[in-house]
Amino acid sequence: MSENVLLVHWHDLGRHLELYGASGAVSPALDRLAAEGVLFTAAHATAPLCSPSRGSLMTGRYPHDNGVVGLAHHGWEYKPDVRTLPQILGEHGWRTALFGMQHESSTPSRLGYDTVDVTDSDCDYVVDRASEYLRRTEPDAAPFLLNAGFFEVHRPYSPERYPVPDPDAVVVPSYLPDTPAVRADLAAFHGSILVADAAVGRLMDVVAETGRDEDTWVVFFTDHGEAFPGAKSTLYARGTGISFIVRPPRRRRVEPFVYRSLFSGVDLVPTLLDALGVPVPGDVAGVSHLAAVLRGGAEPPRDAVFTQKNYHDSYDPIRAVRTVTHSYIENHAPRARLDLPLDIADSPSGRALDDAHREPRPPRELYDLVRDPGETVNLAGRADHAAIEAELAARLATWRRETGDEITPDEEGSALAERVVRTYLAEIAGRETVPRSPRGADRRLTDEG
């Protein structure tokens, strides 16, 4: 019997959950999902930005290969030959539906879903629509792929929408300054997590109520790191590290466990296709982790992940390779230590930074993840680490060559980014928007207009 897939994804969460050690970021529904499935602790996005990371998750191809190297609402789109997960599954008999957030394309109809509703990506709206879909789906009908995308937990964290826990009880992560403004910002973030988690809990209740937990792969993930300075938009672990949980169909009888092996965003598509018995297209760059998932973590298929950054609100070309023991980063243009996206720069936490984040970043960075998991001491250029630096630089160069990764010159890339952002800002000037901007139309991610 064919199996179903339910994808549930959040926006800008990173690994900021108590599940991953973030004190105060409570998520009882996700805790329960992880206790019933497989909790991935070393999953990484291919990019620390919304559209590029999602593009890889839904195609199994790196951003420079699939074409989505920048934000969809800035005009970046898939190349014509790219096929998405719903397109591939649709060709093999799966019914496909998308409710809420996608952020891969300004034209959702091209993504390959049979049913599309991106009019609102508020988590409660999305869960209501997804629940209706599950309840009206007959058990003996064709299998389905159901994609439920939440706007949460993207900024802003409106107090009218989300509760705000006590800021004085917040434990501030080591990479952020401990100030009242940052504590309040984190508390508001935690409030949005509570609301989104409750929505996940309601959806999981419907999955159980309809009996689809027996034959459905449930996959929860986020796109990249949390929207705080030093996380989102960087190639450190807090920028590319993502929450990732897989609960196999109950009839598979897979014992819950923690999967500590490296996992890349490009691996989701081949892993799911492998699980469903669908051939993996030759242009998919990722590898399947199905055997490791079904056998309790044995035989990890990957010993390194490769990440990149190109366009966000500006052009910032960076490449990196990460192993279990080290992270090596190449900065291909002179920039400040932290190139803050607009939403972070204008946040309470962004405004709380001192001038140190404006200091020039080094061209190369190397971190010993065993001794320095926070990636704070740059070892690049040191004689006692020259061998590992050379090894990782060669490995990154080989990956770039084999995948056709060509970096645009700084002057050209910066001019393009400036033109794209200027055009986008001119288009939205004066537009009436919802305070939280959850609706697809407000982000130019519907087929309208």
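Just so it is clear, the values below take in all heavy atoms, side chains as well, and ignore hydrogens, waters and symmetry mates. Residue numbers start at 1 and run along the sequence shown.
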Can you see whether [X] engages [Y] through a side-chain donor-acceptor pair at a distance of less than 3.5 angstrom?
X	Y	answer
Y78	T84	no
H385	H326	no
Y157	D185	no
S414	D410	yes

Write down the atom of [X], the atom of [Y], and the distance for their closest heavy-atom approach.
X	Y	result
Y113	L145	CE2-CD2, 4.4 Å
L176	F228	CD1-CD2, 3.8 Å
N378	L366	OD1-N, 2.9 Å
P86	L111	CG-O, 3.1 Å
N331	I318	OD1-CG2, 3.4 Å
L338	T234	CD2-CG2, 4.1 Å

Taking 4.0 angstrom as the limit, do [X] and [Y] come out as a salt bridge?
X	Y	result
D316	R361	yes
R422	E427	no
E406	R400	no
R250	D213	yes
R337	D355	no
D283	K79	no
D223	R54	yes
E3	R251	yes
R319	E330	no

Is the ring centre of [X] less than 6.0 Å from the ring centre of [Y]?
X	Y	value
H16	H190	yes
Y367	Y328	no
W76	Y311	yes
Y62	F306	no
W10	F151	no

Quick one: pull up [atom1] in [X] and [atom2] in [Y] and give me the separation to the nearest 0.5 Å.
X	Y	atom1	atom2	answer
T96	I88	OG1	CD1	12.0 Å
L30	D197	CG	CG	4.5 Å
Y133	T137	OH	OG1	5.0 Å
E389	E365	CD	CD	11.0 Å
I242	S53	CD1	OG	8.0 Å
S105	H73	OG	NE2	13.0 Å

Quick one: does [X]'s side chain get under 4.5 Å of [Y]'s, heavy atoms only?
X	Y	value
C50	D12	yes
L235	P48	yes
K232	I344	yes
S349	V182	yes
L396	L392	no
P281	R83	yes
L6	V207	yes
T307	T46	no

Report the C-alpha distance between E18 and S27 in whole Å, list the side-chain angles of each, state the deciding distance to 0.1 Å, and finish with yes or no for side chain to side chain donor-acceptor pair (under 3.5 Å).
-> CA-CA 7 Å; E18 286 201 336; S27 58; over 6 Å; no

Check step by step if side-chain contact (heavy atoms from CB on, under 4.5 Å) holds for E152 and D122.
-> CA-CA 7 Å; E152 288 81 7; D122 177 282; 3.8 Å; yes

Given 3.5 Å as the limit, does a donor-acceptor pair link the side chain of [X] with the main chain of [Y], or not?
X	Y	value
R351	A345	no
Q87	R110	yes
D372	T376	yes
H357	L353	no
E375	L369	no

Report the C-alpha separation of T403 and H64 in whole Å, then their side-chain angles, then the decisive distance to 0.1 Å, and conclude whether the side chain to side chain donor-acceptor pair (under 3.5 Å) test is met.
-> CA-CA 8 Å; T403 62; H64 64 267; 3.0 Å; yes

Got more than 12 heavy atoms from elsewhere within 6.0 Å of CZ, R252?
-> yes

Count the heavy atoms belonging to other residues, nucleotides or ligands that lie under 6.0 Å from CD of E91, then report whether that count exceeds 12.
-> yes

Side chain to side chain contact (heavy atoms under 4.5 Å, CB included), paired with Y315, selected from T408, L416, D339, V420 | T408

Are L85 and T59 close enough, and set up right, to give a side-chain contact (heavy atoms from CB on, under 4.5 Å), and what steps lead you there?
-> CA-CA 6 Å; L85 179 62; T59 66; over 6 Å; no

For T222, the side-chain hydrogen bond (donor to acceptor under 3.5 Å, both in side chains) test, sequence neighbours excluded, returns none

Can you list the steps and then say if I245 with L19 is a side-chain contact (heavy atoms from CB on, under 4.5 Å)?
-> CA-CA 11 Å; I245 303 169; L19 266 174; 4.0 Å; yes

Passes side chain to side chain donor-acceptor pair (under 3.5 Å), D313 versus H74? Steps please.
-> CA-CA 9 Å; D313 298 316; H74 287 174; 4.6 Å; no

Ring geometry between F263 and H289 (parallel below 30°, tilted from 30 to 60°, perpendicular above 60°) | tilted

Hey, what's the ring geometry for F40 with F244, parallel, tilted or perpendicular (30° and 60° as the breaks)?
-> perpendicular

Could you check V266 against R61 for side-chain contact (heavy atoms from CB on, under 4.5 Å), going step by step and ending with a plain yes or no?
-> CA-CA 6 Å; V266 291; R61 297 168 65 169; 5.6 Å; no

With respect to R129, which candidate in T119, D120, D117 satisfies the side chain to side chain donor-acceptor pair (under 3.5 Å) definition?
-> D117

